[in-house]
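Here is how names work: the chains are called A, B, and so on, in the same order as the sequence lines, proteins then strands, and each is numbered from 1.
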Amino acid sequence: MPSRPKRPPPHVFGKSRDPRTRRFGKQLLNWFDRRGRRDLPWSRSRDPYRIWVSEIMLQQTRVATVIDYYRRFMARFPSVNQLADADLDEVLHRWTGLGYYARARNLHRAARIVADKYYGRFPTDLDALVQLPGIGRSTASAILAFALLQRHPILDGNVKRVLARLHRVDGWPGKRAVEKRLWILAEQYTPGDRVDDYTQAIMDLGSGVCLRRNPRCGACPVAGLCAAHRHGDAEAYPARAPRKVKPVKETGMLLIRNERGEVLLEQRPPSGIWGGLWGLPECAADLGSTTRDFNTLGLTLKTGRPCEVIRHTFTHFHLDITPIPARVRAPLDTVMDNQNRVWYNPEQPRMLGLAAPVKRLIEKLN
DNA sequence: AAATCGGGGTT
DNA sequence: AACCCAGATTT
């Protein structure tokens, strides 16, 4: 555990900040001192590893869900070296239920880089941290602010909302110009003194008070400084993304059972949809009942009547999946490539990361 | 059904 | 620099 660094003296920063900015920080920290949560497993930690894992988990999941996963994850991988030594499949398995497996893969990759290149110690400058997979500017800043009390602004979804309302920033934050403006505001407001508390406070304000809908402006410590609150249109900020029509794509998924009731899974290519996860072999959606050779699988299959289509929706398209049950009639000469294929027993799930709809389909087999 | 969200990737 | 993409959950 790294030793706790001293806080920079207050006079180093903050003297030149304008009164409004300082009032914001003061009122926010005051609120945090009274209402802030400090009882979470990663709260008050100065260990970059613990902070990093919590930040990655929290990117995609709410606090209440993260707590248990975080405890288990930390119990199994107490240090970055132990995470680096683990098999990816086990890391993915421990992640099952949190979703967003790409982040677990990045976590594992980054752990190996930290272990190999930095001898298990996290880099202490922003640029080096941002080089690590899965760590962008905001996450890197949060790690350095919490672990080393370095003054860096963060800009996660909660902070974006707070700042967009505070200054009635027009436009969708997905646009470069809007995001840039928000980063400038974030930089302006970030204090040198108590940067860790400030960072936690502004995130908590966004997640607990400055809600996307029905913001609790009555409970907000900085409502008096908020332009949107003054105009009574807080909910209009930040502007929402322009929406588009989602195309529908179709695929068939083979539920191939063997005589032991196991189902055949394939590991997907490392990039693209469900990258690196295990899934069912795909085929044409309109494959009828038939017996035919599947040369790529090395099997002769008898496919049955297709099951009901399930729709899985991504940000950009709908995927209509037709599950097609199948039995193995005979192995072909082609050798099963054991690296990428596995017989999976739904009764005794193995340590594999499964794509969400695949998991649903397999669970329905029981 | 729509909105959400930081990071990665492409042009 | 200015986009688009992935993925799963909540509302």
Side-chain angles (χ1 to χ4, degrees), chain A residues 51-66 69 92 95-110 113 126-127 129-143 152-164 171-183 186 199 202-203 206-208 210-215 235-249 268-279 310-321 353-361 363:
Chain A
I51 297 164
W52 171 49
V53 173
S54 73
E55 287 297 322
I56 300 298
M57 285 188 175
L58 288 166
Q59 273 174 11
Q60 55 212 25
T61 317
R62 50 192 47 207
V63 172
T65 312
V66 164
Y69 280 92
L92 289 170
W95 204 265
T96 300
L98 276 174
Y100 305 93
Y101 293 83
R103 310 203 178 198
R105 281 200 309 283
N106 285 336
L107 202 71
H108 186 244
R109 264 174 65 209
I113 294 170
L126 197 67
D127 292 336
L129 269 184
V130 166
Q131 295 302 311
L132 296 172
I135 300 183
R137 182 173 167 192
S138 191
T139 302
S141 293
I143 292 170
H152 296 292
I154 62 151
L155 193 64
D156 70 0
N158 291 319
V159 177
K160 279 179 189 164
R161 193 165 53 249
V162 170
L163 295 176
W172 173 52
K175 291 286 179 192
R176 189 62 77 185
V178 179
E179 205 196 5
K180 206 168 157 184
R181 168 112 196 268
L182 291 171
W183 270 114
T199 301
I202 195 167
M203 289 195 296
S207 63
C210 196
L211 307 174
R212 189 169 64 83
R213 277 181 310 176
N214 303 319
E235 270 196 45
Y237 298 87
R240 292 189 311 272
R243 49 181 278 258
K244 329 180 173 175
V245 213
K246 289 173 196 156
V248 179
K249 301 185 189 182
R268 303 182 58 92
S271 64
I273 193 171
W274 298 317
L277 297 189
W278 293 81
I310 63 169
R311 170 166 288 192
H312 186 80
T313 302
F314 296 96
T315 309
H316 306 285
F317 61 93
H318 302 289
L319 183 64
D320 283 350
I321 300 167
L354 299 176
V358 173
K359 195 172 166 217
R360 267 167 59 207
L361 281 171
E363 279 163 2

Which donor-acceptor pairs under 3.5 Å do side chains of residues 98-105 of chain A form with protein atoms, sequence neighbours excluded?
residue   : atom : partner   : partner atom : Å
Arg103(A) : NH1  : Gln59(A)  : OE1          : 2.7
Arg105(A) : NH1  : Gly275(A) : O            : 2.5
Arg105(A) : NH2  : Gly275(A) : O            : 3.1

Exercise. Examine dA2(C): is either OP1 or OP2 under 4.0 Å from a nitrogen or oxygen in the side chain of Lys175(A)? Give yes or no.
Key: no

Quiz prompt | Sub-4.5 Å side-chain heavy-atom contact between Leu155(A) and Leu163(A) | solution = yes

Quiz prompt | Atom pair CZ (Arg109(A)) and CG (Leu107(A)), whose distance is rounded to the nearest 0.5 Å | solution = 11.5 Å

Practice problem: Round to a whole Å and report the spacing from CH2 of Trp183(A) to P of dA1(C). | Solution: 15 Å

Practice problem: Figure out the CH2/P separation between Trp52(A) and dG7(B), and round it to whole Å. | Solution: 13 Å

Quiz item: Roughly how many Å is it from CG in Asp156(A) to P in dG7(B), rounded to a whole number?
Solution: 9 Å

Output one line per pair: protein atom, nucleotide atom from nucleotides 8-11 of chain B, and distance, for all N/O pairs under 3.5 Å.
residue : atom : partner   : partner atom : Å
dG8(B)  : OP1  : Gly134(A) : N            : 2.3

Quiz item: When we call it a touch if two heavy atoms are under 4.0 Å apart, what does Thr61(A) touch: a base, just sugar-phosphate, or nothing?
Solution: nothing

Self-check item: Within-4.5 Å side-chain heavy-atom neighbours: Ser141(A) and Leu126(A)
Solution: yes

Self-check item: Salt-bridge present (Arg176(A), Glu179(A); N to O < 4.0 Å)
Solution: yes

Practice problem: Compare all side-chain heavy atoms of Ile202(A) with those of Asn158(A) and state whether any distance is below 4.5 angstrom. | Solution: no

Quiz item: Taking the side chain of Arg240(A) as heavy atoms from C-beta outward, which of dA1(B), dT4(B), dG7(B) is closest to it?
Solution: dT4(B)

Exercise. Would you indicate whether the side-chain heavy atoms of Tyr237(A) and Pro173(A) approach each other to under 4.5 Å?
Key: no

Quiz item: If the sugar-phosphate is the primed atoms plus P, OP1 and OP2 and the base is the rest, what is the B/S/- string for nucleotides 4-11 of chain C, using protein heavy atoms under 4.0 Å?
Solution: SBBBB-SS

Quiz item: What do the steps show when you test Thr61(A) against Tyr69(A) for side-chain contact (heavy atoms from CB on, under 4.5 Å), and what is the final call?
Solution: CA-CA 10 Å; Thr61(A) 317; Tyr69(A) 280 92; over 6 Å; no

Exercise. Begin from the C-alpha positions of Val66(A) and Ser54(A) and carry the test side-chain contact (heavy atoms from CB on, under 4.5 Å) through to its verdict.
Key: CA-CA 8 Å; Val66(A) 164; Ser54(A) 73; 5.8 Å; no

Quiz item: How many Å lie between CE on Met203(A) and P on dC5(B), as a whole number?
Solution: 14 Å

Quiz item: Atom CD1 of Ile56(A) and atom P of dG7(B): how far apart are they, to the nearest Å?
Solution: 7 Å

